[in-house]
Each structure stands twice: as C-alpha cells, then as structure tokens.
Amino acid sequence: MKAGFYPKLAAGNIKKNGQAYFPYILTCILTIAMFYIFKSLSMNPGLNDMRGTTYLSFMMMLGSVVIGLFALIFLFYTNSFLIKRRKKEFGVFNILGMEKRHLALVIGWETLYVMLASLAAGLGIGIALDKAMFLLIGRIVGTEVVLGFFISPKVIAITVELFAGIFFLIFLNSVCQIHIANPIELLRAGNAGEKEPKTRWLIAFIGAACVGTGYFIAITTENPLTSIFAFFVAVVLVILGTYLLFTAGSIAFLKLLRKNKNYYYKTRHFTSVSGMIYRMKQNAVGLANICILSTMVLVMVTSTSSMMIGMEDILDTRYPSGFMVLSHETEPERSKEVLETVRALQKEWDFRIKNEIEYTYLDFSAFCDGDTFYVELDAAITAIDSSHVLFFMTLDDYNRVEGQHKTLRDDEILIYSNRTAYNEPVLKLFGKEYRVAEKLEHFMGNGTQAASMASAHYIVVPKMEQMEEICAKQKEVYGDISSGIDTFYGFDSDHEEKEQIQFYNAIVKTLKSRGLNVWIESRAEARTDFVSLYGGFFFMGIFIGALFVMATVLIIYYKQISEGYDDRERFVIMQKVGMDHGEVKASIRSQVLTVFFLPLVVAGIHVAAAFPLISRLLALLNFVNTRLYLVCTVVSFGVFAGMYIVIYAVTARVYYRIVTR
C-alpha cells in the first residue's frame, strides 16, 4: 500500500464519524485542561505567598489526583461507545482483506490524532486559564494576588506523560477487542444484546436491600465519630445497589409495564417499552452511571457552596467570642495573672471590648453506655464510636454568664448536647447518679468542643465542690493526660480586623514570654485560614462538579446516539407498516421520558436520603446551619434539573434525527 494510506484512512474515519468523535475529543480537551490547571495551581509558588492559603496547595494536588483517576476511568468508558459503533466498520474492512494488524495501525493513527489534538488544545486552554483560576482563588479566599504568569514545564511534562499513558492503554484495549473478535462477530456487534433478558428478581431484591441499608445508615447514624466511616459504607452500598437496581430492577419494572394492558397496548408505549426491554441489559450501566454522577455533582456542589455561603456561621460556631483565652494554669494565682495581663494589655492599647465572659470549667473524654458515662484508658481503643466530651461548669458561673436565675439540688444537673442528643432522665458518672433537671436549648461553650469530632455534653453542676470531686476522680484514671479545672476568658471588639490581629499577636507574645500555660485564639486571625480551607473546598466542588456534569452529558449523548442507531431499523419497519411521524415522535417521547429522567429522580432520592448524614459530617467542619444547607440543596437540584431538561431536549432531537432519516 502507498505510504500514508493508514494515516489518511484514520483521518477520514475520524471525520466521517465526527458525530461520535468530536464530543469525545472535546471531553479529552476539557479533562486535560482541568488537570493541568489543578496541577499547576498545586505547584504555583505564588499560592504559598498568599496569606491564609495553608491548605490550598494540598487541596489542588488532591484535585489533580481525582481528575487523573477520573480521566483514566471515564475516557476508557466513553471510548467503549466509539469501539462499539465502529466494530461493524472494522468487520467490513476485515472481510475486504484488511488484516487485523492493519486495523491496529488504523486504530493507532486514530488514537494518535485524538491524543495530539487533545493535548495541544487542552494544554493551550489550561495555560490560558491558569492565571484566571489563580486570580479566582485569590478572590474566593480574599487575599492579594501576586502579579506574574506561571508556566511550569514540569506540569506540562506530567500532563503529557499521564494522558499519553491513558491513550496508550485505550489503544491497547481497542486493539484487543478487535483482535479477539472474528469478522462475523464484528459485523453483528452493533446488534448485540437483542435477546430478551430474564427477570432477575433476586438481584433486584439485593439491589433494593443495598440501597435501603445505605439509606438506613445515612438516616440513623448520629455519632459524628462514626459518621465518616458510615458515610463511606453507605456510599458503597448505595452505588452497588443502584447498579443492581438499574440492571435487574429496570427490566422487572418494564416487564410489569408490559403486563399492564391498559398502558402497554398503546402505539407510543408499545414500541418504546418493547424496545427498552431488549436493550436495557446493555443500557442499564449507562443509566446507573448517570445517576451516580448526578448524585456526586449535587452532593459536592451543595455541601461546598453552603459552607462558603455560611462562612460567618462557621466562624461563629467555632469562635463564639472574638478573642478566647484559655488558662491551663493549675494554681489560682497563676491563672489570675493570665487575666490580669490580658486586661492590662487592653488598657495599654486602649482596646475597646464588649461581651466579656469569664468562667471556670472542666472537660475530659468519657464513653457512654446508655445513661452511664465511664472513664477508662482502655475504652479509648475499644469504644471509640461511643466517645464523648463532658464539659462541666458551676451553676453560679452559668447564671452569671447567661443572665439566668436557675436553681439546682445537689443531685441535679442541667445539660446541653451539641451533636448527639442525650435523652436519658439521669446521668451516671463515677458511681454517682445525677437527675437531669432541664435540657438546655442553648449553651455558650468556648469553641474547643466545636473543633472536636466527638459529641460534647455541657453539664452544669450545682457547686464547685462537685466539679472538683469529678476532676479528682478523672485524674486518678487518666494520670498525666488528665484535665484540670481551667479558666476561660472571652471578649469581642469592634476594632478593624487588622487591629484585632495585631492585638492578638501582642497577647500571644506577652503571655508566652511570661511562661504561662495558656491557649489563645482569635476569630479575626483564624478567618483567613478558614476562608482558605472552605474556599478550596468550594473551588474543588464547583470545578470537579463541572467535570462530572460534562461526563453526565457525554454519557447521555452517547446513550442517545447508540439507541438511535439500534432503533433506526425498527422504526423504519414501523413506518412502513403504517406508523406516521407523529406517532414516531410520541413513541420516542414516551421512551425517553420513561427512562431518561429515571436517573435524575433516583439521584434526587439519594441526595434526600443522604441529607441527615451529610449534615452531621458538615457539623464536624463547624457548619451547623441545616436550613442554609437545605436551601442550597433545593436550589442546586432545581438548577441541575433545568440543565438536565436542556440536555434531554438536545439529545432527544439527535435521537429523532437518527431514527427517522
């Protein structure tokens, strides 16, 4: 054959199959661009120079890993659609005398063209948008951005190596599929899956059980310490159950529709239901993928956007006072010196303060079994899922700080729980029983428990002697790692944040220079780190969510094209026996509406079931505004559903053109 025959043939094949190839190439380009941007940001030295961006480099690196894994899996998946559509073409080439090694050469040239075009365009877009994304991060976290343009040859090399490796694996997979099939199998590949699948009720039942168990875990898990593990278990169960339900349950559902004579024996339903039954075995995985990707998009976007919008609520939860001084000095004179030093600095700086709070407290870890809390070193290993923080203060301090006039008997307590509710009428600790006189609806706290993953119970005891007795008993158990009775001093200020940060630094420097055992926190000083952390989450959520939306669109598009070619001959026959264009359109609409919106509906149910568990996980990140999270969830689902409808309108038109031409 002439030199250049295979390269020309490969180029012609791509152009001829442009309807399938161009969306695939576009996906490759955007994936490469997003990987380059995240990888470049993770290695951009300017990111480390921006104040408060401690976590961003790591998060951008993590995002690049996620995108790299996604690219490997998803590009393999989408390429399978291309190979399926091309097998008949390759079969014709094989019958006409082209050997399989020649087909491998054609596939190799096609893969090379796609790779070069994708890398050139993807890197070009990535480099062009890299600075814009850097400026966007600076805007999100509210820091000044250093001018300059960063292009890293190392990042370009990493991107080229990664995607060259992915395309090489795709090439090997395509060649293997062609090599193991004979010409007849290649010619019939487009009609594979035409045998009516059996109804597998056991698999459908297992799928429903997996999804139901995942929902049960998500709804009933209350302890934040177990929420993270429970989340992954629930996710695995729901994903597995979704695939099983779409694979077996959808077939069972369609056969039930077929048994319903009033529904089935109508023109628009008869052709659509009968066609979907035969193809559902091969399309169920695609529908399940759409459902899972849709759920992931909704979860990421709603959680990250709600945290970003609710940043002030997060800071208020973690830092109830603008300045918090926690004295760990055991001697009263030294603890008094801490407070006197801070107040002296307030006068020296002429620093305006308000909402001053001062009290003594005791906190330590305990493990719950019903109404009994026990303190044991070994329990930290065996009962981690029942770990709680007990926070004690006296009734006098509580009444003074909260402006209350409550009274307690010697065996009574007041209690407030920040996460896991305490519903027992009594509380047993160190062999003593305390009756819960009242469950408080609010407690000021000091922010340290908000930073802990364990649930906290704030307990008000009648007298200092009782708190000292409890302190002595926990010291007997914990020894060197025990807690003491500490002093909390908090206050707010109306000074500018810059001045508050300067005053915070002065407090830290002065108290540390005197060798005082103290912990100081400032809301103004911590704001930049919090905005950096949650801004990074928001950036990742939006862009990786956009990547998953793109994947969802492509799966839907290829699904419609694949079904269009499978259905074309059937609809041609139907039109020949009397079905007009209007009836064809009605049948297409019935088919698409029956199955197309099923993944969206199931994704909405998944998000609703996951809502309680994700709310508890967000509480670990100090986000407790459930109402805001609910609003973000509803709005995000509405926007996503609108996009889904637009995708439906576009792809249904493509499907209709294929089956009616």
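Owing to the predicted nature of the structure, the values given are computational and were not obtained by experimental measurement. Numbering of residues begins at 1 and proceeds along the displayed sequence.
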Legend entry - Check: Ala456 main-chain N/O paired with Asn418 side-chain donor or acceptor under 3.5 Å: yes

Inset, instruction - Check step by step if side chain to side chain contact (heavy atoms under 4.5 Å, CB included) holds for Phe38 and Met540. - result: CA-CA 9 Å; Phe38 271 82; Met540 285 184 60; 3.9 Å; yes

Inset, instruction - Using atom types as modelled and distance alone, determine if a side-chain donor or acceptor of Ser42 lies under 3.5 Å from a backbone N or O of Lys39. - result: yes

Inset, instruction - With sequence neighbours left out, write down each residue that passes ring pair (Phe, Tyr, Trp, His ring centres under 6.0 Å) with Phe623, or none if nothing qualifies. - result: none

Inset, instruction - State, yes or no, whether a side-chain contact exists between Phe637 and Tyr644 at a heavy-atom distance under 4.5 Å. - result: no

Inset, instruction - Can you measure from OG (Ser522) to CD (Gln502) and round to the nearest 0.5 angstrom? - result: 11.5 Å

Legend entry - Close aromatic pair by centroid cut-off 6.0 Å: His457 and Phe373: yes

Inset, instruction - Evaluate the criterion side chain to side chain contact (heavy atoms under 4.5 Å, CB included) for residue pair Phe538 and Ser305; output intermediate values, then yes/no. - result: CA-CA 6 Å; Phe538 179 68; Ser305 60; 3.9 Å; yes

Inset, instruction - Could you tell me which non-hydrogen atom of Ala234 sits nearest to which non-hydrogen atom of Gly214, and how far apart they are? - result: CB-O, 3.7 Å

Inset, instruction - Could you walk me through whether Met324 and Phe488 pass side chain to side chain contact (heavy atoms under 4.5 Å, CB included), step by step? - result: CA-CA 7 Å; Met324 297 186 295; Phe488 172 82; 3.7 Å; yes

Legend entry - Side chains of Glu521 and Tyr504, donor plus acceptor under 3.5 Å: no

Inset, instruction - Give, for atom CZ of Phe530 and atom CE of Met307, the distance between the pair rounded to the nearest 0.5 Å. - result: 11.5 Å

Inset, instruction - Run the numbers on Val338 and Tyr489 for side chain to side chain contact (heavy atoms under 4.5 Å, CB included), then give the verdict. - result: CA-CA 9 Å; Val338 171; Tyr489 175 53; over 6 Å; no

Legend entry - Minimum heavy-atom distance between Cys210 and Leu240, given as atom pair plus value: SG-CD2, 4.1 Å

Legend entry - Straight-line distance of Ser40 OG to Ile127 CD1, nearest 0.5 Å: 8.5 Å

Legend entry - Within 45° cone and under 6.0 Å: Arg616 NZ/CZ vs Phe231 ring: no

Inset, instruction - Assess whether atom CZ of Phe76 is packed by more than 12 heavy atoms of other residues, nucleotides or ligands within 6.0 Å. - result: yes

Inset, instruction - Could you tell me whether the side chain of Phe443 reaches within less than 4.5 Å of the side chain of Met393, counting heavy atoms only? - result: yes

Legend entry - Interatomic spacing from CG in Leu30 to CD1 in Ile25 - rounded to 0.5 Å: 12.0 Å

Inset, instruction - Can you sort out the partners of Ser483 under side-chain hydrogen bond (donor to acceptor under 3.5 Å, both in side chains), two or more places apart, ordered by chain and number? - result: none

Legend entry - Separation between CD1 of Ile459 and CG of Leu414, rounded to the nearest 0.5 Å: 10.5 Å

Inset, instruction - Sort and list the pairs that fulfil salt bridge (charged side-chain N to carboxylate O under 4.0 Å, His left out) and have at least one residue in residues 61-76, not counting sequence neighbours. - result: none

Legend entry - Member of Phe163, Phe70, Phe543 meeting the ring-ring contact (aromatic ring centres under 6.0 Å, His included) criterion with Phe35: Phe163

Legend entry - Side-chain heavy atoms of Val602 within contact of Phe246, under 4.5 Å: yes

Inset, instruction - Check whether any side-chain heavy atom of Phe323 lies under 4.5 Å from a side-chain heavy atom of Val342, and answer yes or no. - result: no

Legend entry - Flag, side chain of Ser64 to backbone of Met61, donor-acceptor distance under 3.5 Å: yes

Legend entry - Residue pairs fulfilling salt bridge (charged side-chain N to carboxylate O under 4.0 Å, His left out) with at least one residue in residues 495-507, sequence neighbours excluded: Glu497-Arg527

Legend entry - Where Leu123 and Ile32 come nearest, the two heavy atoms and their spacing: N-CG2, 4.0 Å

Inset, instruction - Could you tell me whether the side chain of Ile158 reaches within less than 4.5 Å of the side chain of Tyr36, counting heavy atoms only? - result: no

Legend entry - Any Leu339 side-chain heavy atom under 4.5 Å of Arg343 side chain: yes

Legend entry - Any Tyr361 side-chain heavy atom under 4.5 Å of Asp397 side chain: no

Inset, instruction - Mind checking salt bridge (charged side-chain N to carboxylate O under 4.0 Å, His left out) for Lys406 and listing every partner two or more places apart, or none if nothing turns up? - result: Glu438

Kindly list each side-chain donor-acceptor pair under 3.5 angstrom involving residues 604-615, sequence neighbours excluded, with atom names and distances?
residue: His606; atom: ND1; partner: Tyr215; partner atom: OH; Å: 2.6
residue: His606; atom: NE2; partner: Thr242; partner atom: OG1; Å: 2.9
residue: Ser615; atom: OG; partner: Phe611; partner atom: O; Å: 2.7

Legend entry - Within the 6.0 Å centroid threshold, strictly below: Phe503 and Phe351: yes

Legend entry - Taking every non-hydrogen atom, the tightest pair across Ala619 and Val624: CB-CG1, 4.2 Å

Inset, instruction - Take Phe364 and Phe392, measure what ring-ring contact (aromatic ring centres under 6.0 Å, His included) needs, and give me the verdict at the end. - result: CA-CA 9 Å; Phe364 57 87; Phe392 296 88; 5.7 Å; yes

Legend entry - Within-4.5 Å side-chain heavy-atom neighbours: His388 and Tyr422: no

Legend entry - Heavy-atom pair of closest approach, residues Thr31 and Ile67: O-CG2, 4.0 Å

Legend entry - Non-hydrogen atoms of Ala121 and Ile29 that approach each other most closely: CB-CD1, 3.6 Å

Legend entry - Backbone of Glu358 reached by a side-chain donor or acceptor of Arg400 within 3.5 Å: yes

Inset, instruction - With ring-ring contact (aromatic ring centres under 6.0 Å, His included) as the test, would you mind laying out the steps for Tyr416 and Tyr398 before giving the verdict? - result: CA-CA 12 Å; Tyr416 170 81; Tyr398 175 80; over 10 Å; no

Legend entry - Distance in Å, Lys509 NZ paired with Leu345 CG, rounded so as to fall on 0.5 Å steps: 11.5 Å

